[in-house]
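For reference, the structure is listed below as C-alpha cells.
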Amino acid sequence: MAVGREDVEILKPRIDKREYRRIVLRNSLQVLLISDLDTDKCAASMNVGVGSFCDPDGLEGLAHFLEHMLFYASEKYPLEDSYSKYITEHGGSTNAFTASEMTNYYFDVNSDCFEEALDRFAQFFIKPLMSADATMREIKAVDSENQKNLLSDSWRMNQLQKHLSLESHPYHKFSTGNWDTLDVRPKAKGVDIRQELLKFYEDKYSANLMHLVVYSKESLDKIQCLVEDKFQEIRNSDRSRFQFPGQPCTSEHLQILVRAVPIKQGHKLRIVWPITPSILHYKEGPCRYLGHLIGHEGEGSVFYVLKKLGWATGLFAGEGEWTSEFSFFNVVIDLTDAGQDRMQDIVGLLFKYIQLLQQSGVCKWIFDELSAVCETGFHYQDKISPIDYVVNISSNMQIYPPKDWLVGSLLPLDFNPAIIQKILNELSPENVRIFWESKKFEGLTDKVEPWYGTAYSIEKVSSSTIQAWMSSAPNENLHLPAPNVFIPKDLSIKNAQEEVKFPVLLRKSSYSKLWYKPDTVFSTPKAYVKIDFNCPHAGNSPETEVLADLFAQLLVDYLNEYAYYARVAGLLYGISHTDSGFEVTLVGYNHKLKILLETIIDKIVKFEVKPDRFSVIKEMVIKDYQNFKFQQPYQQAMYYCSLILKDQTRSWVERLDVLPHLNVEDLTKFAPMMLSQAFLECYIAGNIEREEAETMVQHVEDVFFKGPNPICRPLFPSQFLTNRVVKLERGMNYCYSKEGLNPSDENSALVHYIQVHQDDFILNVKLQLFALVAKQPAFHELRSVEQLGYITVLMQRNDSGICGVQFIIQSTVKGPAHIDSRVEAFLKMFESKLYEMTNDEFKSNVNALIDMKLEKHKNLREESRFYWREITDGTLKFDRREAEVAALKKLTQQELIEFFNENVKVGATRKKTLSVQVHGNQHLAEYHSQKSEAVKPNTIQIDDIFSFRRSQPLYGSFRGGIGHVKL
C-alpha cells in the first residue's frame with residue numbers, strides 16, 4: 001500500500017461543499033480527511049477490523065470488554081476518565097460499539113479544542129493503560145449492560161438465531177459478555193482476565209487493520225499535518241485481515257420452524273434465508289431490489305393482502321446481519337391475533353409472491369425507478385452531525401474501495417438480472433428458517449437458549465409442506481407495484497424573497513395561525529409542514545384520549561397503500577395523537593408535497609370507521625398499552641416523573657382500562673364531535689414560497705371551516721388549551737416509590753429531579769452551565785468508580801418551559817433509595833469541586849457552552865423541530881440561542897456558585913427535589929421496609945399521583961389563546 005497522499009476520486013453528493021482527501025500513514029493506517037469550513041463541531045472515528053468474532057473460546061465478550069477499557073486511561077494521560085472529561089467539558093460526546101467484525105470508537109468536540117481531543121483519542125491505540133482495579137470495576141459495567149438487554153425481545157431473538165447455527169462458527173457466539181464469562185469462568189480455569197485483555201490488544205490491534213476519519217473546519221493540509229503528528233505512533237504488526245470463512249448454517253439449521261416465547265405481548269413471524277452477501281454485488285443492489293418488492297406496502301403487495309385479510313400490522317423485508325462470507329435475507333411480519341392462527345397461509349402467501357417474482361422475471365423499469373430514487377436520495381441527502389457522518393464512513397472504509405467510501409451501497413446503478421435472479425433463487429423452501437414468536441407458546445416448548453433464557457421448540461419443515469401451504473393459501477391478487485407518481489421531477493431551489501432569520505407569523509385568523517420560515521440556509525429541494533389540530537373535545541377523559549389515538553392510527557392505516565409510494569420517493573408523513581388533538585407532519589421533497597397534504601386533509605374530512613380495521617387497530621393499541629410494563633425501569637421512572645409534574649395527563653392504566661369497552665359506534669360518534677371545534681397551529685418551512693404556504697393553509701381552512709355546511713367551528717377564548725406544570729414547594733423533597741411493573745426484571749431505577757425555574761435566559765444558562773460542568777464528574781463517580789449501573793446520566797429537563805436537572809440511574813446492584821443517597825453524596829462532593837474551579841476553567845466551560853449554543857442546525861428537519869418546540873411550549877423565543885449566549889458572556893463564577901447554593905446544593909432552602917424510585921425484584925425488601933419507615937423532615941411521600949397533583953399549585957402556561965402573539 002502506497003504511503004502518503006493518494007488522489008483518489010471519491011464520489012460525493014452534488015450539493016456537498018466539503019473537501020475530502022485519502023492518505024495512508026507510514027504505519028499503513030488508512031485515513032480520510034474531511035474539511036468543512038461551515039462546521040461548528042469537529043469529529044473523528046477509528047474503525048478497528050477486530051470484533052466479537054475474534055473473541056477467544058471461553059472468553060465471550062472480550063472484544064466488547066476491551067472497547068470499554070480503552071476509555072479509561074493511557075500512558076500519556078494516566079488520570080482515569082480524563083479523556084471523557086476533556087470531551088464533555090468542551091461540548092462534545094464520545095462512545096463506541098463492538099460489531100462482529102469491527103469495533104468503532106468515535107467522538108465530537110467544539111472545534112477550538114480538537115487538537116488536544118484528537119491527541120487523547122489517539123492514545124487509545126498507542127499506549128492505553130488497563131489497571132487491575134479498573135478492569136475489575138468495568139466488568140461490572142459490561143454485566144450491567146447485559147442485564148439491561150436480558151428482557152429485550154430483539155436481543156433475545158437475535159441470540160436465538162445465533163444459537164441455532166454451527167457451534168464452530170463465530171456467528172454462534174454470545175458477544176456482549178457478562179460477569180460469568182469475564183470473571184467467574186476465567187477464575188475457575190485459573191485464567192487472568194486482565195492478562196487476556198492485554199494479550200488480545202497486543203495480538204489483534206494493528207494500524208494496518210484500522211481506518212480513521214477526521215472531520216474538521218481546517219484546510220486538508222492542516223488536518224493532514226495533525227493526523228500525521230498524532231497517529232504515526234500506532235503500532236503496525238502487519239496483521240493479516242481476520243477471515244471467518246464458511247457458512248454458519250448447515251442443512252441441520254435449514255428447513256426449521258422455531259416456536260419461541262417473547263417477553264412482550266404480540267406475535268411475530270421472522271422468515272430468514274442464508275444468502276450470498278449482497279456486498280459482493282453492491283453496485284447491482286440485489287437485496288435492495290428484492291427488499292423493495294417483498295417489503296412493498298402498495299396495492300398487490302404481500303403486506304397489502306395480509307392487511308386486507310386482517311392478519312398483519314407491519315412487514316419489513318431486506319438483508320439482515322451480513323459479512324463478506326455470509327448473509328441473511330429477513331422478512332419480519334407483525335401478526336394480529338387472527339394472523340397468529342393463520343401462520344401457514346401467511347408463509348404460503350409470501351412464497352407465492354416469491355413465485356410471482358420468479359415468473360415475472362427481473363424488471364428493468366422497477367430497477368431503474370429504484371435506482372433513480374436512490375440517486376436523488378444520495379445527491380440531495382441532508383447534512384447530518386459530524387459524529388454520525390464519521391462513524392458511517394469509517395465503517396464503510398473497511399468494506400468498500402476508496403471511491404465508494406461515502407456512497408457505500410446506496411447507489412445500485414448496474415442492472416444485472418442474473419445477480420438478482422441468483423439471490424431470488426436462494427429464497428427457497430429448501431433454504432428457509434422460520435422463527436415464530438408468541439406468548440401463546442408458553443408451556444408448549446421444550447428447550448431454553450442458554451444466554452437469555454428464551455424458551456423455544458424446534459421442528460423440521462420440508463419443502464413439500466411449504467408447497468402445501470402455498471396451495472392452501474387464499475387466492476389473492478398479488479401483483480407488482482405500479483409506477484411511482486411521487487418521484488420528484490422538479491428539484492429546483494426557489495429564491496426566498498427575503499432573508500428571514502426566524503419564523504414569521506404570516507397569517508392569523510380565528511381558525512388558524514401560520515408560522516413561515518423559508519429556507520435560506522440548506523439549499524435543498526425539501527420542505528417541512530406541521531399542522532397541529534387543537535381540538536378541545538379530544539382530551540376530556542380517558543375515553544376521548546383513546547378515541548383520538550384510534551382516530552389518528554386509523555387515518556395512517558387508511559392512507560398507507562397510497563402514501564407508501566411517497567415514502568419510497570423520499571416524502572415522509574405522520575399523523576399522531578397529541579394531548580390536545582392530533583398533528584399532521586410532512587417532510588421531504590417539496591415537488592409533490594401539496595398533493596399528499598390535500599389527500600390527507602380529504603381523508604380527515606371524510607373519515608369513516610371501517611369495522612374490520614377498527615378491530616385490528618384496537619387490538620394493536622391494547623397490546624402497546626399492555627407492553628408498557630415491559631419498558632426498562634428507568635423509562636418507567638421517567639414516565640412517573642412526567643405524570644407527577646404535568647397537569648391534565650392521564651395514566652396508561654386508565655387508558656388500558658377503557659380501551660376494551662370502546663367500539664365502532666363510539667368512534668363514529670366521537671370523530672365528528674372532535675372535529676366540530678378546532679384551532680390549527682401551522683408551521684411551514686423550506687423550499688416553499690410564502691404564497692404557496694398561505695394557499696396551503698387557506699385550502700385547509702376552506703375545507704374545515706367554510707362552505708354551506710362547515711364541519712368545524714373556531715374555538716371560544718375559554719377553550720384554548722394550555723400546558724401547565726406542577727410547581728414544587730421550595731425546601732421540600734418529594735418521593736414516589738413503586739414496584740417495577742415486570743416482576744421478572746432485576747433492574748431498579750431512580751430519577752432524581754431538581755426543579756429550578758420557569759424559562760428565563762439568565763437562569764437557563766446557569767442551569768445549563770451547572771449541567772455541563774457536573775455531567776462528567778457524575779458519570780465518573782457514580783458509574784466508573786461506584787459502578788451503580790450501565791445507565792448513569794445527568795441531564796437537563798424541560799417541561800413546557802419549566803427547567804430543571806435530573807439524574808437517571810438504572811441498577812441491579814443497589815436499590816433506588818441507596819442510589820438516591822449516592823446522588824446526594826455526589827452533590828456534596830461536587831460542591832468542593834465547584835468552589836475549587838479556577839477562573840480559567842470557568843471561562844473554558846462558559847466558552848464550551850457558547851460554542852454548543854452557536855452550533856448551526858444541520859438540516860431543515862433539525863431547524864424546524866427547534867422552532868416548533870418554541871411554538872408548542874408557547875415560549876416563542878426564536879432568538880433563544882443568541883439571547884442565552886449574551887447572558888452567558890456576562891455570567892460570573894460567583895453567580896454560578898450562588899445559583900448552585902440556592903437551587904442544587906444538598907439542604908439548600910430553595911431546593912425542590914422529586915425522587916422517583918422503581919424497585920426491581922432484587923430490591924423489593926427495601927421497597928417494603930421504606931413503607932414502614934418514618935418520613936424524614938421536609939419530605940413528602942407521594943402515595944397517589946392524582947391526589948398529589950390536585951393539591952399542588954401550577955406554574956402559569958406560556959401558551960395563551962389566539963391573542964398571545966401580536967401581528
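Looking at Arg797 and Leu645, their side chains come closer than 4.5 Å, going by heavy atoms from C-beta outward. Using a 4.5 Å cut-off on side-chain heavy atoms (C-beta onward), Asn747 and Ser811 make no contact.
Under a 4.0 Å N-O distance rule, the pair Glu855/Lys858 qualifies as a salt bridge. Of the charged side-chain nitrogens involved, at least one lies within less than 4.0 Å of a carboxylate oxygen, so that Lys85 and Glu89 count as a salt-bridged pair. Comment: Asp40 engages Lys856 in a salt bridge, judged by a side-chain N to carboxylate O separation of less than 4.0 angstrom. Using a 4.0 Å cut-off between charged side-chain N and carboxylate O, Glu831 and Lys905 make a salt bridge. Looking at Arg880 and Asp759, a side-chain N of the basic residue comes within less than 4.0 Å of a carboxylate O on the acidic one, giving a salt bridge. By the 4.0 Å N-to-carboxylate-O rule, Glu870 lies too far from Lys877 to be salt-bridged with it. With respect to the salt-bridge test (charged N to carboxylate O, under 4.0 angstrom), the residues Lys889 and Glu884 do not qualify.
Looking at Gln635, its side chain does come within 3.5 Å of a backbone N or O of Gln632 through a donor-acceptor pair. Glu746 places no side-chain N or O within 3.5 Å of a backbone atom of Asn921 that could act as its donor or acceptor partner. With hydrogens and angles disregarded, a donor-acceptor distance shorter than 3.5 Å links the side chain of Asn723 to the backbone of Thr872. No donor-acceptor pair closer than 3.5 Å links the side chain of Asp143 to the backbone N or O of Ile139. Counting only distance, with no hydrogens or angles, the side chain of Ser784 and the backbone of Glu781 share no donor-acceptor pair below 3.5 Å. Under the 3.5 Å distance criterion, the side-chain polar atoms of Asn149 are left unmatched by any main-chain donor or acceptor of Ser152. Between the side chain of Arg156 and the main chain of Tyr452, a donor-acceptor pair closer than 3.5 Å is present. A side-chain donor-acceptor contact under 3.5 Å links Gln787 to the backbone of Arg137. Looking only at distances, a side-chain donor or acceptor of Thr88 sits under 3.5 Å from a matching main-chain atom of Ser84. Here the side chain of Asn146 pairs no donor or acceptor atom with the backbone of Thr176 at under 3.5 angstrom.
Environment of CG in Leu643: crowded, with over 12 heavy atoms of neighbouring residues, nucleotides or ligands closer than 6.0 Å. In this structure, Lys76 places its NZ atom where more than 12 heavy-atom neighbours from other residues, nucleotides or ligands lie under 6.0 Å away.
Cation-pi geometry between Lys264 and Phe630 is not met at under 6.0 angstrom from the ring centre and within 45 degrees of the axis. In this structure, Arg120 satisfies the cation-pi test against Tyr77, with its NZ or CZ atom closer than 6.0 Å to the six-membered ring centre and inside 45 degrees of the ring normal.
The aromatic rings of Tyr105 and Phe125 stand perpendicular to each other, their planes meeting at an angle above 60°, with 30° marking the opposite boundary. Ring geometry for Phe948 versus Tyr734: interplanar angle over 60°, hence perpendicular rather than tilted (30 to 60°).
Under the rule for a ring-ring contact (aromatic ring centres under 6.0 Å, His included), the partners of Tyr640 that lie at least two apart in sequence or sit in another chain are Tyr736.
Aromatic ring centres of Phe107 and Phe121 lie closer together than 6.0 Å. If you look at His923 and Tyr927, their ring centroids are not closer than 6.0 Å.
Here the closest non-hydrogen pair linking Ser748 and Pro633 is C-CB, 4.3 Å.
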